[in-house]
Amino acid sequence: MKSEQLQILSKKYPHLFNQLTDTENGNITSVTQFSEAVKQLIKLCGDDPERDGLLDTPFRVLKAFLEYTEGYNKDPKIHLEKTFDIHHKGLILIKDIEFYSLCEHHFSPFFGVAHIGYIPKEKITGLSKMGRLVEGYAKRFQVQERLTTQIAEAIEEVLDPEGTIVVVEAKHMCMCSRGIKKANTVTTTSSLLGIYENRPDLRAEFYSLIKTQGSK
Ligand SMILES: [Zn+2]
């Protein structure tokens, strides 16, 4: 990898390169090894890593992966910590929160929307914080099931509501492009906590609201 490329990375991700000195930093060794590994991968797939269009690909791949996994840099629960004391006893629903994640089994994208509902006891968080929460867990090596559970458990832990319900709908590129080639398959996962575990009427309210206009 070229030194100017390393500089770009160390500027954007200082925590990875915080000991940039004359003596070699462990991460620089890793970056070089990664670069070589991507070249090997290109070769294995049958192309020439030295041809023009592929020369900077190891750098671009690393940069992309650091972006896909930015969620590791911060505990997503932090986004929920600013709360308001608003007296509201009913459902708060935030639907169609878009997200992009990376399947940990194939490193291929999966993406879609998350719908979050909770019935507060005392604490309410800002609506935009839910988007950050979803993004914080999505930008990791993930599986959809864990993503769904982590979002629900974070809300449960920080906001301590009467109940939390999270539904995630996603398309997986590893299902679209490999083997079975089912381009339009949507996988739905849900996580129900607290009051939602044994109140089918509240679940029905949530499901009917996420299906109304504006939902995909
Ligand atoms: Zn996959």
Side-chain angles (χ1 to χ4, degrees), residues 1 9 12-13 15-16 27 30-49 53-54 56-77 79 94-117 130-157 164-193 206-207 210-211 215-216:
M1 198 167 291
L9 290 175
K12 191 147 187 228
Y13 301 98
H15 64 285
L16 289 179
N27 277 321
S30 302
V31 166
T32 314
Q33 285 169 347
F34 174 83
S35 204
E36 280 312 307
V38 175
K39 285 186 187 175
Q40 289 300 323
L41 178 70
I42 295 170
K43 260 194 223 166
L44 267 176
C45 295
D47 211 322
D48 172 15
L54 290 172
D56 289 335
T57 296
F59 164 67
R60 293 195 199 101
V61 173
L62 178 57
K63 204 159 155 272
F65 266 77
L66 291 173
E67 281 170 22
Y68 300 151
T69 57
E70 272 175 342
Y72 287 120
N73 302 335
K74 204 186 223 179
D75 181 355
K77 288 190 206 94
H79 298 301
I94 306 103
K95 68 176 185 177
D96 294 328
I97 304 169
E98 277 183 48
F99 73 87
Y100 295 85
S101 190
L102 205 61
C103 150
E104 68 183 18
H105 299 139
H106 303 97
F107 284 177
S108 66
F110 72 95
F111 54 91
V113 288
H115 314 289
I116 296 175
M130 291 300 186
R132 300 229 173 88
L133 178 75
V134 171
E135 182 164 292
Y137 287 118
K139 288 199 158 186
R140 290 159 188 242
F141 301 124
Q142 265 295 11
V143 294
Q144 186 177 333
E145 294 84 345
R146 191 199 299 124
L147 173 65
T148 313
T149 309
Q150 284 178 327
I151 296 167
E153 286 178 348
I155 295 167
E156 197 69 10
E157 193 185 313
T164 306
I165 182 165
V166 176
V167 168
V168 174
E169 300 172 302
K171 283 187 180 185
H172 292 248
M173 291 309 288
C174 49
M175 279 179 83
C176 302
S177 57
R178 295 169 48 257
I180 48 174
K181 296 194 174 64
K182 299 281 184 223
N184 287 313
T185 306
V186 174
T187 306
T188 304
T189 45
S190 66
S191 179
L192 301 98
L193 297 173
F206 176 85
Y207 286 120
I210 64 172
K211 282 194 193 89
S215 186
K216 277 157 205 152

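All ligand and atom numbering here is 1-based and tracks the order in the structure. Starting from 1, each residue takes its place in the sequence as its number.
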Salt bridge check, Lys139 against Glu67: does any charged N sit closer than 4.0 Å to a carboxylate O?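 Looking at Lys139 together with Glu67, the answer is no, because their closest N to O distance does not fall below 4.0 Å.
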
Specify which N/O/S atom of His106 comes nearest to the Zn ion (ligand 1), by atom name. ND1

SG (Cys174) to the Zn ion (ligand 1) to SG (Cys103): angle, nearest 10 degrees?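 Vertex at the Zn ion (ligand 1): approximately 130°.
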
Can you tell me which residue among Val113, Val168, Val134, Val166 is in a side-chain contact (heavy atoms from CB on, under 4.5 Å) with Ile97? Val134

The criterion is salt bridge (Lys or Arg N to Asp or Glu O under 4.0 Å); which residues satisfy it with Arg146, sequence neighbours excluded?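 For Arg146, the residues satisfying salt bridge (Lys or Arg N to Asp or Glu O under 4.0 Å) (neighbours in sequence not counted) are Glu104.
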
2.8 Å cut-off met by an N, O or S atom of His105 to the Zn ion (ligand 1):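 Checking the Zn ion (ligand 1) against His105, no N, O or S atom falls under 2.8 Å.
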
Among residues two or more places apart or on two chains, list those pairs meeting side chain to side chain donor-acceptor pair (under 3.5 Å) that have a residue in residues 37-48.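 Passing the test, one end in residues 37-48: Asp47-Arg51.
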
